[in-house]
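Working notes, structure below.
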Amino acid sequence: MNNQLYTDVLVEVPGLQTDRTYQYQVPPRLAGILQFGHRVKVPFGKQKITGFVVGFNEQKAVPGVKEIIGLVDENPLFRAEQLTLARWLADYYFCSTVKALQSVIGPALKKTAARSVARLYSAVGPEQLPLLQEQLARSPKKLAVLETALQHPGLDKRALAAVSGASLPVINQLCAGGQLRVETELLARDPYPQYEAVRQAPVTLTTEQGRSVQAITAALQQGEHRVFMLHGVTGSGKTEVYLRCIEQVLSTGRQAITLVPEIALTPQMVRLYKARFGRAVAVLHSRMSDGERYDEWMRIDSGSAPVVLGVRSAILAPVPDPGLIIIDEEHEPSYKQEEAPRYHARAVALYRAQKNRGVLVLGSATPSLESYCRTLSGGEYTLLNMPCRVKGKNMPDVQLVDMRREVQSGNSGIFSLLLLQKLRSRLHNKEQAIIFLNRRGFKTLVVCRECGLVLKCPRCEISLTYHTDGRLRCHYCNYQVQALQRCPDCGSSQVGYFGTGTQRVEMELTAHLPGARILRMDADTTTRKGSHEQILAAFASGEADILVGTQMVAKGLDLPGVTLVGVINADSTLHMPDFRAGERTFQLLAQVAGRTGRGDEPGEVLIQTFTPEHYAVQAAARHNYQAFFYKELGLRKEMGYPPFAKMVRILVYGRDEAAVQQAAEKIRAQLDRFAEGLSGGRIMIIGPAPAPLARLKEDYRWHIILWSADYRQLRLVMQQFAQASHGTLPGKALKMSIDVDPMYTM
DNA sequence: AGCACGCCGACT
DNA sequence: GTCGGCGTGCTC
């Protein structure tokens, strides 16, 4: 259908960040065969590289046009919509189109030889058996094989050998001689073959669930683009709402994508979907083999799996007509890809839903500020509230312990007296407890242990970080001040640095509670695959009294035998040098506070903190999202941070610190020049400053952060910069990354 | 990424 | 005088 002579190819050259296509001549032997979406081998300079066919021409555009060498795959790998999506990604996130395309068609590129079986059939019919017996009188093994093949058609080689008692070479001879016919059958890998659709007794929806389902299905029937924010506390039954809505969208002949965070995509979750939709479900997650993912991808592409359940990258799946996209736990930072293209699955979902007149449902107990503020009056999202737990379970009691008082009364240990007392009573009653250590803080954080003051940058409201040169620095703008001996607020000399590890907690716990059986779960004890589950299983079966762990225990908090959860340092994430520190602390504490007490016993939560009056801590303790939201929103507005602005972060990194700093300074000067030429909304540019993670894997890291309420202006600056730099830096040892809407500024 | 072109220092 | 340093630029 295309008698085109020339083709546009998007080339894949490492180190070359270009959105240009290159024209190649179509050799006669590929005329009529070469199609849009084909992966091809092409000459490029002196090398041979791969590229993707993205267009055709009748006319030569370049005098020295070269010829395509050949096809890499038999079939095209993508359709026009997928290229459009890749182009959007490349444009929005300032990365090369090939890189974006490679992400969009990821699994298709990793095509592994599909598993197949060679089934064997006798080439002669049973009526010829007497004749065979005569012919093969001197080859009893061959005869036995053919007789077996007649009796049991369709065995594979090994089975045929076993049943007939012959060896494999005999069978191979028969195949070669044509007496056995070989049929190759492709096996589709099904990663979850054991979960088939089972009819269940229909669940009766709560009033709130019913209302939410009705609102969403009504929109689905209208076939209009809408966005719903499903704000439901943990245990309010959001999943059932999702399943009902998917049923509805399937009935209109369209498809649904559900995204869940990595840790939530457990076998139980898959079982739930498979039980409702059976083989219609395709699952995509990072622990699958390339082959399994490829098979699921193809089932999606062909339309035979209209229900997609997966992690972040599933938002790129080749679903033909996604009428419904659901993002569960939409606030989770794992939806942001931390390598190019640095996309946020929620942003991609919004794009696809808009383009496709689809419905987007964002579910969370602790919605991101970005999303929730769009439900306010005048916003474009519709809020659906589900404030109650199903079956009338109550939220657990949360108590705050002021650690400053503990210090004042002479207890400078990790544990408050109250926590120790409660732990002892749990041990006595043979109940279990979890100690949650919010460790992801910085040892270099400066805190007054008397009044709880944390030193902050006067310009950025970001916590200052202690450097070994004795100075305190802001990792946003590079503000510096000499380290203080005394607290500037209360004059106390009890100024110290934060940092408590799980090992130390475990040790001190053993000292305080001799005889208690303690399990530790953190990055050190969960290196092996599955060790995470093993530790939780051991704890669930009562092999230990206390489980000590970091973030990752948060998902194991549903254990019914647990009646106490203790949080050691609620503050440590609070004062991370990041503008989202408060939001992340609230989300974490709210999650902890919301997850216990699912058994019959009411759960109890104890949060130790140096700043009990902090709004994020207070709101989490009271299960009050609104209180947190409005306070945080006010602060963001004051500072002009997202969601009131769009933010872009440029990170420069490399082995040579001086070169890194110099390059970062050059970039800053360049950005200033680009920004100067614009009239419009103001663009804030700070840095270059050493990134909070100033050194990572041998590389020194400096960054520049830009933000503006006027996103178009910011884009104009960035577009000029991206064009000028081509995504690369002069000097071989220097690297750069551009992060649009960064989740972390570390 | 490779590989060319191109303009300044120490060698036969 | 030339050989070669790797800075800058291009690859259909």
Side-chain angles (χ1 to χ4, degrees), chain A residues 2-73 76-78 83 86-87 90 94-103 106 109-110 339-342 651-667 669-670 673-674 697-699 719-738:
Chain A
N2 65 71
N3 52 357
Q4 315 278 11
L5 296 170
Y6 303 95
T7 173
D8 295 323
V9 175
L10 214 43
V11 292
E12 181 186 312
V13 186
L16 175 71
Q17 302 275 311
T18 182
D19 282 352
R20 281 179 53 197
T21 56
Y22 288 81
Q23 194 184 52
Y24 288 90
Q25 188 156 12
V26 180
R29 77 200 143 75
L30 287 180
I33 293 170
L34 192 69
Q35 288 173 56
F36 176 94
H38 259 129
R39 178 160 54 165
V40 288
K41 256 298 172 260
V42 291
F44 193 77
K46 295 224 160 168
Q47 37 187 344
K48 290 169 187 170
I49 56 168
T50 51
F52 301 96
V53 173
V54 296
F56 290 95
N57 306 101
E58 283 174 356
Q59 271 158 29
K60 195 199 286 199
V62 201
V65 65
K66 292 180 181 173
E67 245 187 23
I68 295 234
I69 297 169
L71 297 180
V72 177
D73 323 271
L77 300 181
F78 56 91
L83 179 63
R87 288 214 155 111
F94 300 107
C95 78
S96 68
T97 308
V98 224
K99 201 149 214 172
L101 184 63
Q102 281 166 336
S103 261
L109 296 171
K110 297 257 180 78
E339 61 192 58
R342 295 176 153 263
L651 180 74
V652 183
Y653 56 106
R655 296 283 174 97
D656 180 353
E657 189 174 24
V660 168
Q661 182 177 355
Q662 210 172 35
E665 274 160 6
K666 251 189 184 156
I667 291 173
Q670 221 177 347
R673 237 177 303 125
F674 293 140
K697 293 180 199 155
E698 310 269 295
D699 282 336
Q719 270 163 351
Q720 290 179 75
F721 172 69
Q723 211 157 38
S725 68
H726 269 304
T728 50
L729 288 175
K732 296 190 188 343
L734 287 180
K735 285 160 281 183
M736 175 178 73
S737 84
I738 298 176

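Keep in mind it's a predicted model, so treat the numbers as computed, not measured. Chain identifiers are assigned alphabetically (A, B, ...) following the order of the sequence lines, protein sequences preceding nucleic acid strands; residue numbering begins at 1 within each chain.
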I want to verify a distance call: between B:dA1, B:dC3, C:dT11, whose nearest atom is closest to the A:K46 side chain?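 Of all the options, the side chain of A:K46 is nearest to B:dC3.
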Keeping to residues at least two apart or across chains, list the side-chain hydrogen bond (donor to acceptor under 3.5 Å, both in side chains) pairs with something in residues 40-49 of chain A.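 side-chain hydrogen bond (donor to acceptor under 3.5 Å, both in side chains) check on residues 40-49 of chain A returns no pairs.
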Rounded off to whole Å, could you give me the [atom1]-to-[atom2] distance for the [X] and [N] pair?
| X | N | atom1 | atom2 | result |
| --- | --- | --- | --- | --- |
| A:F44 | C:dC10 | CZ | P | 12 Å |
| A:Q47 | B:dA4 | CD | P | 12 Å |
| A:E12 | C:dC12 | CD | C1' | 17 Å |
| A:Q25 | C:dC12 | CD | C1' | 11 Å |
| A:I49 | C:dC10 | CD1 | P | 17 Å |
| A:Q23 | C:dC12 | CD | P | 12 Å |

[atom2] on [Y] to [atom1] on [X], rounded to 0.5 Å:
| X | Y | atom1 | atom2 | value |
| --- | --- | --- | --- | --- |
| A:F674 | A:Q723 | CZ | CD | 9.0 Å |
| A:E12 | A:K99 | CD | NZ | 10.0 Å |
| A:L101 | A:F78 | CG | CZ | 4.5 Å |
| A:K60 | A:Q25 | NZ | CD | 6.5 Å |
| A:I49 | A:Y22 | CD1 | OH | 8.5 Å |

Going by number, which of residues 61-71 of chain A have a non-hydrogen atom under 4.0 Å from DNA chain C?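 Contacts with DNA chain C under 4.0 Å: A:V62, A:G64, A:V65, A:K66.
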